[in-house]
Amino acid sequence: MILSIESSCDDSSIAITQIATKKLLYHKKISQELEHAHYGGVVPELASRLHATALPSILAECEPWFGELKAIAVTNAPGLGVTLIEGVVMAKALSIALNIPILPIHHLKGHIYSLFIEQESHFPLTVLLVSGGHTQLIEVTSYTQMETVATTMDDSYGESFDKVAKMMKLGYPGGPVIEALAQTGDATKYPFTVPLWQSPLIAFSYSGLKNQVRLAIESASEEEYPPIAAAFQKTATDHLIQKLKKYGKQRPFKRFAIVGGASANLYLRGEVEKMLQIYNAPLLVAPLGYCSDNAAMIGRCALEAYERGDFVTHQAIEVKPRSPL
Ligand code: KG4
Ligand code: ZN
């Protein structure tokens, strides 16, 4: 079995995955949303301190499996340095105590493998990764061949939801609350401009849209928040779809997936499904419970790393807060 640890941002999570069957034997996650809500975003130092108590409390439940562990998998890149280190230090301690090696796992690869928890993986696949830290289009050919073909020039899709929620004083994370609010508003009332719509670039940008929303909020009463949220969600998503269509003309989609925390957005899922109709391409998504950060996806990804023998020692593992795929 492999024990996997995730602490790249504000979720403390541990999972145990059986190597031979890919079965998820144990999974637990403690989120820090309430603690960060007051600040409208993740406060790294607070997140680090919360991991320091949450991770050991989850680990205590895993003790019955300790004798059967073959490796410790841990997210070591990318993410917040002060929170990644919490998971990595725990992995080092377990590696020493149990005399087993460490499998360092890339968080974004973990999100891609959230599609295949308890399943075989199937590639090639075009993946739209939409999380709090990233908005990327990735051509995935295999575990080792992942090419980022488009990325954001500034904010990410999920982060823009967080920032809009913060402007409306709706707490953190913004994604679910803005999605719910958008359902009750008329999306046509605020005709925001779609980012980069005249640009030939296949890239993403959310800072301009965020400013348009800020101006609308500043000159509106709270009754206007539902139509503003709806127009924001529509424009943010139209932007993704417009660029995906542009890309699809060059390289038609065969199999497409959305992963990352914001892949839980049902409006986004619906729009991508519509976009894929002309290609007759299936849409893959992870179960809703595994879209946001979790150790189950890290454990699933670690099965591939284990098979390849990508082990490191507790002395050699590095924390890499900035690390492209
Ligand atoms: O993947 P994730 O848990 O953490 C990172 O790796 O960043 O993604 C968290 C992000 C947050 O920005 C959150 O607001 C966003 O995913 N998110 C959503 C939704 N649910 C979560 N964004 C839009 N709509 C949602 N329903
Ligand atoms: Zn993530």
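Predicted model, so just to flag it, every value in this text is computed and none were measured. As the structure lists them, so they are numbered: ligands from 1, and atoms in each ligand from 1.
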Among the N, O or S atoms of His107, which one sits nearest to the Zn ion (ligand 2)?
NE2
Check Asp293 and report its N/O/S atom nearest to the Zn ion (ligand 2), by atom name.
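Distance check against the Zn ion (ligand 2) picks out OD1 in Asp293.
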Could you tell me which atoms of ligand 1, counted from 1 in the order shown, lie closer than 4.0 angstrom to a heavy atom of [X]?
{"X": "Gly174", "result": "14 (O)"}
{"X": "His107", "result": "6 (O)"}
{"X": "Glu179", "result": "25 (C), 26 (N)"}
{"X": "Glu159", "result": "12 (O)"}
{"X": "Ser292", "result": "3 (O)"}
{"X": "His111", "result": "1 (O), 6 (O)"}
{"X": "Gly133", "result": "7 (O)"}

Could you tell me whether the Zn ion (ligand 2) has an N, O or S atom of Cys9 under 2.8 Å away?
no
Output yes if His134 passes the N/O/S-under-2.8 Å test against the Zn ion (ligand 2); output no otherwise.
no
Minimum heavy-atom distance between Val319 and Gly81, given as atom pair plus value:
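Smallest interatomic distance, heavy atoms only, reads CG1-O, 4.3 Å.
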Hey, would you say the [X] and [Y] ring centroids sit under 6.0 Å apart?
{"X": "Tyr143", "Y": "Phe123", "result": "no"}
{"X": "Tyr290", "Y": "His27", "result": "yes"}
{"X": "Tyr206", "Y": "His239", "result": "yes"}

Please work out, at 4.0 Å between heavy atoms, whether the side chain, the backbone, both, or neither of Asp293 comes within that distance of ligand 1.
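Both parts.
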Determine whether the side chain, the backbone, both or neither of His134 has a heavy atom under 4.0 Å from any heavy atom of ligand 1.
neither
Would you call the rings of Tyr279 and Phe253 parallel, tilted or perpendicular if under 30° counts as parallel and over 60° as perpendicular?
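It falls in the perpendicular class, over 60°.
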Do other residues, nucleotides or ligands put more than 12 heavy atoms under 6.0 Å from Asn99 CG?
no
Please work out which of Gly158, Cys291, Gly132 has its closest non-hydrogen atom nearest to atom 10 (C) of ligand 1.
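Among Gly158, Cys291, Gly132, the closest heavy atom to atom 10 (C) of ligand 1 comes from Gly132.
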Using side chain to side chain donor-acceptor pair (under 3.5 Å), reason through Asp11 and Ser31 one step at a time and then give a plain yes or no.
CA-CA 5 Å; Asp11 294 295; Ser31 296; 2.7 Å; yes
What about [X]: any of its N or O atoms under 3.5 Å from an N or O on ligand 1?
{"X": "Gly175", "value": "yes"}
{"X": "Gly261", "value": "yes"}
{"X": "Asp162", "value": "yes"}

Salt bridge check: are Glu139 and Arg251 linked by an N-O gap of less than 4.0 Å?
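A salt bridge is present here (some side-chain N lies under 4.0 Å from a carboxylate O).
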Tell me whether Glu273 is salt-bridged to Arg269, with the criterion being a basic N under 4.0 Å from an acidic carboxylate O.
no
Among all protein heavy atoms, pick the one closest to atom 24 (N) of ligand 1 and tell me residue, atom and distance.
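Minimum-distance protein heavy atom for atom 24 (N) of ligand 1 reads Asn265 ND2, 3.0 Å.
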Does the pair Asn76 and His107 meet the rule for a side chain to side chain donor-acceptor pair (under 3.5 Å), with working shown?
CA-CA 7 Å; Asn76 72 324; His107 182 75; over 6 Å; no
Pairwise distance CG(Leu129) to NE2(His111) - rounded to 0.5 angstrom:
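If I round to the nearest 0.5 Å, the distance is 6.0 Å.
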